[in-house]
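To keep things clear, I will list the structure first and then write my remarks on it.
Protein chains get the first letters and strands the later ones, always in sequence-line order, with residue 1 at the start of each.
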2 protein chains.
Amino acid sequence: MTKEERHAGRLTAAARRAQLIEVGRAVFAKHGYEATTVEEIAERARISKPIVYEHFGGKEGLYAVIVDREVEHIVGRIVDAVIAGSPRERLEQAVLAFLSYAKDRPDGFAMLLRDAPLTKRRGEMPAVMHDLADRVGGVFTEQFRKAGYDAKTAPIYAHALVGMVAFVGQWWTESRKPPSPETVASHVAALAWMGLRHLPRRPTLLARKDRRP
Amino acid sequence: MTKEERHAGRLTAAARRAQLIEVGRAVFAKHGYEATTVEEIAERARISKPIVYEHFGGKEGLYAVIVDREVEHIVGRIVDAVIAGSPRERLEQAVLAFLSYAKDRPDGFAMLLRDAPLTKRRGEMPAVMHDLADRVGGVFTEQFRKAGYDAKTAPIYAHALVGMVAFVGQWWTESRKPPSPETVASHVAALAWMGLRHLPRRPTLLARKDRRP
DNA sequence: ACAGTAACCTTCGCTTGCGTAAGTTACGAC
DNA sequence: GTCGTAACTTACGCAAGCGAAGGTTACTGT
């Protein structure tokens with residue numbers, strides 16, 4: 001029996017940091033940044049407030065660290081998923097990786113869907129998920145150019161793809177009796193794949209300007 | 001010159017209510033529910049705090065009224081958009097209606113993308129956009145059954161569709177140099193339409209269980 | 001045994017922001 | 001004109017929550 005477990009007492013700095021990151025993730029995910037109190041985090045970690053300040057400098061510091069780790073984590077998963085295979089397989093695996101992440105780490109996932117406190121600092125919105133969509137957009141742009149499509153429209157499809165996966169993921173994680181991640185991934189990937197595959201070269205609105213007189 | 005405009009002074013109860021709803025929408029959209037203060041709303045409306053309480057009973061009351069109106073508004077727009085035309089035209093018009101709403105009322109749109117304060121009350125999440133997706137899901141389920149597809153998978157596609165539109169809309173409203181709403185709508189609608197049109201009867205994962213040894 | 005240090009706690013100041021109580025000003029009716 | 005009412009104000013009570021100052025406990029090496 002190690003000293004840390006006797007009565008869940010004193011931890012090393014590193015261990016405490018790790019614990020606070022985990023606890024913080026849960027609390028931030030539950031209430032959102034603003035509504036989260038440092039006190040609740042401290043309480044759940046069975047320590048007092050100042051410890052949090054010693055380790056992370058405050059609420060925002062802890063939040064930043066947690067978000068950063070989550071981003072690293074999910075990007076890593078997706079990158080691992082697309083290292084090999086046919087384009088379609090890679091798409092499917094990326095979607096599956098994303099959904100698996102959402103299931104495995106629902107708290108982290110929930111945090112990424114909200115906007116960071118950075119948002120209100122720098123005025124504009126870099127919002128994690130849109131960053132991810134921009135990365136996808138980079139890949140799409142190249143593919144579009146090669147295939148003779150208008151490369152300027154690539155971001156639309158990139159954001160559409162990320163949006164559908166994120167939103168389905170959110171619904172899926174919060175529905176009772178959810179299908180398997182493989183099922184959901186295959187359907188979403190099929191939708192995206194078929195949609196992209198059969199895209200007209202230059203989609204235009206089907207007229208219909210005759211909205212009610 | 002009416003009495004209300006002389007020095008922007010006393011308004012009738014109805015006019016004040018209307019003004020507070022508008023001001024509140026802007027402020028809630030900017031900061032989110034938690035970070036919004038009643039004081040800022042009162043300040044921007046050039047009145048003092050208690051007025052807000054007299055009219056709406058408090059922060060939550062005002063918020064609820066605003067969200068309710070926005071939901072009515074956007075649902076109305078979409079319903080108007082799908083009254084006539086071929087299925088594909090109706091899809092396209094629905095997407096266009098959604099995007100136009102996002103452009104016309106960016107504040108209302110921003111509010112709908114965040115989760116209501118009701119969320120923390122009843123524990124679970126009904127979140128406006130997912131409600132909308134559920135409505136779409138109702139339509140899809142019927143169509144799927146008719147076409148011989150697995151009706152149980154309809155919600156996946158419904159949420160995917162709503163997710164892509166919402167997310168693209170968010171990106172689109174916040175990007176400088178945005179394409180026309182018609183352009184974006186036609187592309188998104190084409191993606192969704194082609195995807196659904198060429199869907200395999202029963203999508204399954206393309207194997208590839210051989211993730212790195 | 002007995003420093004020395006890392007981990008941790010109790011207590012406090014101070015600000016912010018919700019919501020209310022009591023009083024004040026404009027305006028229309030008669 | 002003066003009376004009543006609807007619109008609005010100033011002032012306040014009170015709780016929550018961020019962050020810091022200073023003191024205390026327990027483990028570690030010698």
### Message
Tell me every residue that passes side chain to side chain contact (heavy atoms under 4.5 Å, CB included) with Pro203(A), counting only those two or more places apart in sequence or in another chain.
### Response
Tyr157(A), Pro200(A), Ser186(B), His187(B), Ala190(B)
### Task
Starting from P on dA7(C), measure out to CG on Leu20(A) and report it in whole angstrom.
12 Å
### Residues which pass salt bridge (charged side-chain N to carboxylate O under 4.0 Å, His left out) with Lys59(A), listed by chain and number, not counting sequence neighbours
none
### Query
Just how large is the angle between the end axes of the helix from dA1(C)-dT30(D) to dC30(C)-dG1(D), five pairs per end, to 10 degrees?
10°
Which donor-acceptor pairs under 3.5 Å do side chains of residues 20-27 of chain B form with protein atoms, sequence neighbours excluded?
residue  : atom : partner  : partner atom : Å
Arg25(B) : NH1  : Glu70(B) : OE2          : 3.0

#### Entry: Protein proximity profile, nucleotides 8-19 of chain C - base contact B, sugar-phosphate-only contact S, no contact -, cut-off 4.0 Å on heavy atoms
BBB------SBB
### Task
Can you tell me the distance, in whole Å, between the CZ atom of Phe56(B) and the P atom of dA7(D)?
13 Å
What side-chain donor-acceptor pairs closer than 3.5 Å can you find for residues 133-143 of chain B, not counting sequence neighbours?
residue   : atom : partner   : partner atom : Å
Asp134(B) : OD1  : His159(B) : NE2          : 3.3
Thr141(B) : OG1  : Gly137(B) : O            : 2.8

#### Entry: Arg88(B): partners by salt bridge (charged side-chain N to carboxylate O under 4.0 Å, His left out), with sequence neighbours left out
none
### Query
Residues in side chain to side chain contact (heavy atoms under 4.5 Å, CB included) with Asp150(B), at least two apart?
Lys152(B), Thr153(B)
### Query
Judged by modelled atom types alone, do Arg90(A) and Gln93(A) share a side-chain donor-acceptor pair under 3.5 Å?
no
### Task
Please name all residues satisfying side chain to side chain contact (heavy atoms under 4.5 Å, CB included) with Pro50(A), sequence neighbours left out, ordered by chain then number.
Ser48(A)
